[in-house]
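Below, chains carry the letters A, B, ... as their sequence lines are ordered, and counting in each starts from 1.
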Number of protein chains: 2
Amino acid sequence: MEEKDTCDVICVHEDEVNDVKSKMLEDEFLFEVSDNFKVFGDSTRLKIMYALSQRDLCVCDLAAVLDMSQSAISHQLRVLRSKNLVKFRKEGKMAYYYLADEHVVSMIELCVEHTKERY
Amino acid sequence: MEEKDTCDVICVHEDEVNDVKSKMLEDEFLFEVSDNFKVFGDSTRLKIMYALSQRDLCVCDLAAVLDMSQSAISHQLRVLRSKNLVKFRKEGKMAYYYLADEHVVSMIELCVEHTKERY
DNA sequence: AACTTATATGATCAAATATTCATATGGAAG
DNA sequence: CTTCCATATGAATATTTGATCATATAAGTT
């Protein structure tokens, strides 16, 4: 007897579905991947990262460059820090942020290229 | 006289800020870039694309593979279509979806790799 | 033509997330 | 040690967005 627990979908091509199912990556892993993409999927964060790819900047300079409040920038920097995309060093009372590694730069460049090409 | 319209930020290093500002890409363009990333930033859409990278699938098979409702899948396919990431062909009453181009595959593979490496 | 099936879609609801506001923290300068 | 400034952060608000539900469309079947 075949299970048909949740869904009411009728047309399921068993073989193809099972084939693809067996090839799928772990749910958890794909969630992680999409979660990584998500960080780049906000224009504020992307602008921050792009700005930092030009040079290290303190928080208030970032706010000036993006013309946004210090608080908004700070909150987003927190997100970027939590994903290890940016780091910072303290200089006196200021915090200079910079991109964590080349990965980030290449990631941005890649999607910039893709966007240019496709649209 | 220098403008200080919106923000109340004091510490702005004029030169550095202007330097970076001049190097920034168009707001509109960066918004578009982040908008592209955003599509990959949802696990349902990512799973759909990953499944389609294995083979073309009709909507109900996709629903079965992801164990989600036909409606949810259909809505997300619409998003993917609107971004030209997937296409489809009609076969009778069924719609077989497939990835629009190699770009999409390489994009997914890249981020899968990044994720594996970084975390 | 009436009925079933596969897909699409509008409306609604719920959850996630970005920004603002108020305030806290901690270094620098007086 | 008090004040000022750069940054961080919690709470509240606003906006976005994903899933569901109900329904529409359109192709195949009887």
query = Side chain of A:D101, backbone of A:V104: donor and acceptor closer than 3.5 Å?
reply = yes

Is the distance from OP1 or OP2 of C:dT17 to the nearest side-chain N or O of A:R78 less than 4.0 Å? no

- Between A:Y98 and A:R89, does any side-chain donor sit less than 3.5 Å from a side-chain acceptor? no

Rounded to whole Å, the CG-P distance (A:L46 to C:dT17) equals 17 Å

Q) Is the side chain of A:D61 donor-acceptor paired with the backbone N or O of B:H13 at a distance under 3.5 Å, no angle test? A) yes

TODO: Look at A:K38 and C:dA16 and indicate whether a side-chain polar atom (N or O) is within less than 4.0 Å of OP1 or OP2.
DONE: no

Review point. Any side-chain N or O of A:S69 less than 4.0 Å from the OP1 or OP2 oxygen of C:dT20?
Key: yes

When rounded to whole Å, the CZ to C1' distance for the pair A:F88 and D:dT7 reads 9 Å

Ordered by number, residues from residues 50-59 of chain A within less than 4.0 Å of DNA chain D (heavy atoms) are A:C58, A:V59

Hey, is the side chain of B:Y97 poking within less than 4.0 Å of OP1 or OP2 on C:dA6, counting only N and O atoms? no

Lys/Arg-Asp/Glu bridge criterion (N-O < 4.0 Å) met for A:D27, B:K47: yes

Rounded to whole Å, OH of A:Y96 lies from P of D:dA8 at a distance of 13 Å

Keeping A:N18 on the side-chain end and A:K21 on the backbone end, is there a donor-acceptor pair under 3.5 Å? no

Between B:S74 and A:Q76, whichever has its closest DNA chain C nucleotide further toward 5' is B:S74

request  = State whether the side chain of A:S82 and the backbone N or O of A:V79 hold a donor-acceptor pair below 3.5 Å, judged by distance alone.
outcome  = yes

Contact string for nucleotides 21-30 of chain C, one letter per nucleotide 5' to 3', B = base within protein heavy-atom range under 4.0 Å, S = sugar-phosphate only, - = neither, reads B-----SS--

From CG of B:L77 across to P of C:dT9 the rounded distance in Å is 11 Å

When A:L57, A:I48, A:V65 are each screened for side-chain contact (heavy atoms from CB on, under 4.5 Å) with A:I73, the one that passes is A:I48

Residue set satisfying ring pair (Phe, Tyr, Trp, His ring centres under 6.0 Å) with B:Y50, at least two apart, ordered chain then number -> none

From CD1 of A:I48 across to P of C:dA18 the rounded distance in Å is 11 Å

Atom CG of B:D67 and atom P of D:dA19 are separated, to the nearest Å, by 13 Å

A:L62 atom CG is separated from D:dT7 atom P, nearest whole Å, by 9 Å

Between CZ of A:F40 and P of C:dT17 the distance, given in whole Å, is 16 Å

For B:K38, I'd like to know if atom NZ has over 12 heavy atoms of other residues, nucleotides or ligands within 6.0 Å.
yes

